[in-house]
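Report on one structure; see the data block that follows.
Quick note: residue numbers are just sequence positions, from 1.
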Amino acid sequence: MTTLDVDRLLALLRDPNVESQEIATLAGVPREEAGRASRLLLGLSRAKPEEIATLPPPLAAALCRASLVAGRADVLAALAGHSGKEVAKEAKRSLHVLRSRGVAVPEPPRAPAVAPAAPAEPPLPAYASAIDGQGERAVWLPRNVPGKGIEVAQAVVSDVRGLVELQVGLLGRKEWRAFAKGLVERGAAMGVGEIDRARARSLVAAARALNDASGQRVPEGADLWLAQLGPAAPLADPAARFPPLADEEEREAVAASAKLHDLPLLRGWLADEGYLREVAAKLDEVGVSPLYIDDRQRAEQMARVVADAVDAYFDEGRRRRHASRLLAVAEHLEARGDVAHARSAAATARALVAGAPPHAVPFARLLVEKAFPLAPGPGEPAGAPPSPGAPPLIVTPR
């Protein structure tokens, strides 16, 4: 990167009117890294050298230039050992400038002596739960830390809120083996299983990209941890993996979608709790209304209330969210050999996206219907709906 490029990039990072995507395009880096660089620059007086050092080279070079102006000799010393040649060169030049001004600067770190390469260890498996009815799932991503043990990152991600939680801890190798075994055994009902490490990283990175739009607070240390992992590949569109079936097969797959609710993974799937409470209130009104002369009329009206609630629930946003979640479920089921249910989940997702009436999609209908008994006994209120499922399983080592 030329001197002009560094100055231009630094000016863009300082400009509050410039979108992080524009900076990312110019620097050839992920958008979240451009946003992180802007935040570090804004709080440069308090930024930790190791946080700046983990930025991609173009951004690190720009903050190196800013650190010279700010007199952050500690940052420059850390960047002098950067793997990017241009960054290291910029840092060393800036240290020389400070010395010429009479400023005491720390010595740049010396390159460590090259030790004989240890035999490469196979990468540790990553794990994830299946997505739940609220769009959340848990991801576990371990890595070897030589001389210390196994670092285990445990994340909760949401397709609406983004990266919700991140906990990172160290386990001994024996503890890790016991933890991983218990994770699969105790998480069976949530569909916990081994997944590709690159996919696990992509799931967490994709969730982090949602935080800025959703307003969800980013867990402390999450950006630094993600930067240390390196770039993550974009998640593939699961819709491409499940092309439409032949017309008759497609109709049959959608018609069979009620059976998806019998699977342990989807038994807790319900419509949003707040919406179900509104429906419950309407059912309570029917239950005590004097307008109905007998229990049969009352039960018929309750059935109409629930039927109307099904169609009213699925606005455009909910259609898209549930379709996306069903495709994630289809991927999970197909990977575990349950092809029939995977086809049904994918066909149901396509039906929702295509605008099919929700009352004509058994899976969609049951998201509301199974929360309520349609024929309560005389004088019995419909009652509040049950809780729409538990959060993703988080297993904590003892």
Ala323 versus Val353, closest heavy-atom pair with distance: CB-CG2, 3.4 Å
I'd like to check Leu40 versus Leu55 (side-chain heavy atoms, cut-off strictly below 4.5 Å). Are they in contact? yes
Is it the case that one hydrophobic cluster holds both Leu171 and Val184, taking links as side-chain heavy atoms less than 4.5 Å apart, direct or via other members? yes
Rounded to the nearest 0.5 Å, how far apart are CG of Leu124 and CG of Leu141? 9.5 Å
Using side-chain heavy atoms (C-beta onward) and a distance below 4.5 Å, is Leu229 in contact with Val204? no
Closest approach of Ala34 and Ala24, non-hydrogen atoms and distance? CB-N, 3.9 Å
Could you name each residue pair satisfying ring-ring contact (aromatic ring centres under 6.0 Å, His included) that touches residues 229-265, not counting sequence neighbours? His261-Phe363
Return the minimal non-hydrogen interatomic distance between Ala53 and Leu79, and the atom names on each side. CA-CD2, 3.7 Å
Side-chain heavy atoms of Glu250 within contact of Asp247, under 4.5 Å: no
Is Val310 linked to Tyr313 within one hydrophobic cluster, defined over Ile, Leu, Val, Met, Phe, Trp and Tyr using a side-chain heavy-atom separation of less than 4.5 Å? yes
Considering only heavy atoms from C-beta outward, does the side chain of Leu263 approach that of Leu333 to under 4.5 Å? yes
If you draw a 6.0 Å radius around CD in Glu19, do more than 12 non-hydrogen atoms from other residues or ligands fall strictly inside? no
Cluster overlap Phe314 with Leu366, hydrophobic side-chain contacts below 4.5 Å: no
Are Arg321 and Asp159 close enough for a salt bridge, meaning some N to O gap below 4.0 Å? no
Salt bridge (charged side-chain N to carboxylate O under 4.0 Å, His left out) contacts touching residues 191-201 (sequence neighbours left out): Arg199-Glu331
In this structure, which one of His341, Arg343, Arg241 forms a side chain to side chain donor-acceptor pair (under 3.5 Å) with Glu334? Arg241
Answer yes if the side chains of Ser214 and Arg161 hold a donor-acceptor pair under 3.5 Å, and no otherwise. no
With a 4.5 Å heavy-atom cut-off, do Pro142 and Trp176 have their side chains touching? yes
Would you check if Asp223 and Arg39 make a side-chain contact, meaning some heavy-atom pair closer than 4.5 Å? yes
Flag the pair Lys282 and Glu285 as a salt bridge only when some basic side-chain nitrogen lies within less than 4.0 angstrom of an acidic carboxylate oxygen. no
Indicate yes or no: at least one non-hydrogen side-chain atom of Gln134 is less than 4.5 angstrom from one of Asp272. yes
Lys/Arg-Asp/Glu bridge criterion (N-O < 4.0 Å) met for Glu248, Arg251: yes
Of the non-hydrogen atoms in Val139 and Ala200, which two are nearest, and what is the gap between them? CG1-CB, 3.8 Å
Is Leu245 linked to Leu327 within one hydrophobic cluster, defined over Ile, Leu, Val, Met, Phe, Trp and Tyr using a side-chain heavy-atom separation of less than 4.5 Å? no
Could you tell me which non-hydrogen atom of Ala80 sits nearest to which non-hydrogen atom of Ala91, and how far apart they are? N-CB, 3.5 Å
Once salt bridge (charged side-chain N to carboxylate O under 4.0 Å, His left out) is applied, what residue pairs with a partner in residues 140-157 remain, sequence neighbours excluded? Arg143-Glu151
Looking at Ala128 and Ile195, what are the two nearest heavy atoms and their distance? CB-CD1, 3.6 Å
Using a strict threshold of under 4.0 Å (side-chain N to carboxylate O), is an ion pair present between Arg93 and Glu90? yes
Are Phe179 and Leu170 co-members of a hydrophobic cluster defined by side-chain heavy atoms under 4.5 Å apart? no
From the options His82, Glu33, Gln228, Arg36, select the one residue that forms a side chain to side chain donor-acceptor pair (under 3.5 Å) with Thr54. Arg36
Side-chain H-bond candidate by donor/acceptor type, Arg298 with Gln301, under 3.5 Å: no
Determine whether Gln216 and Leu210 make a side-chain contact, defined as any pair of heavy atoms from C-beta on separated by less than 4.5 Å. no
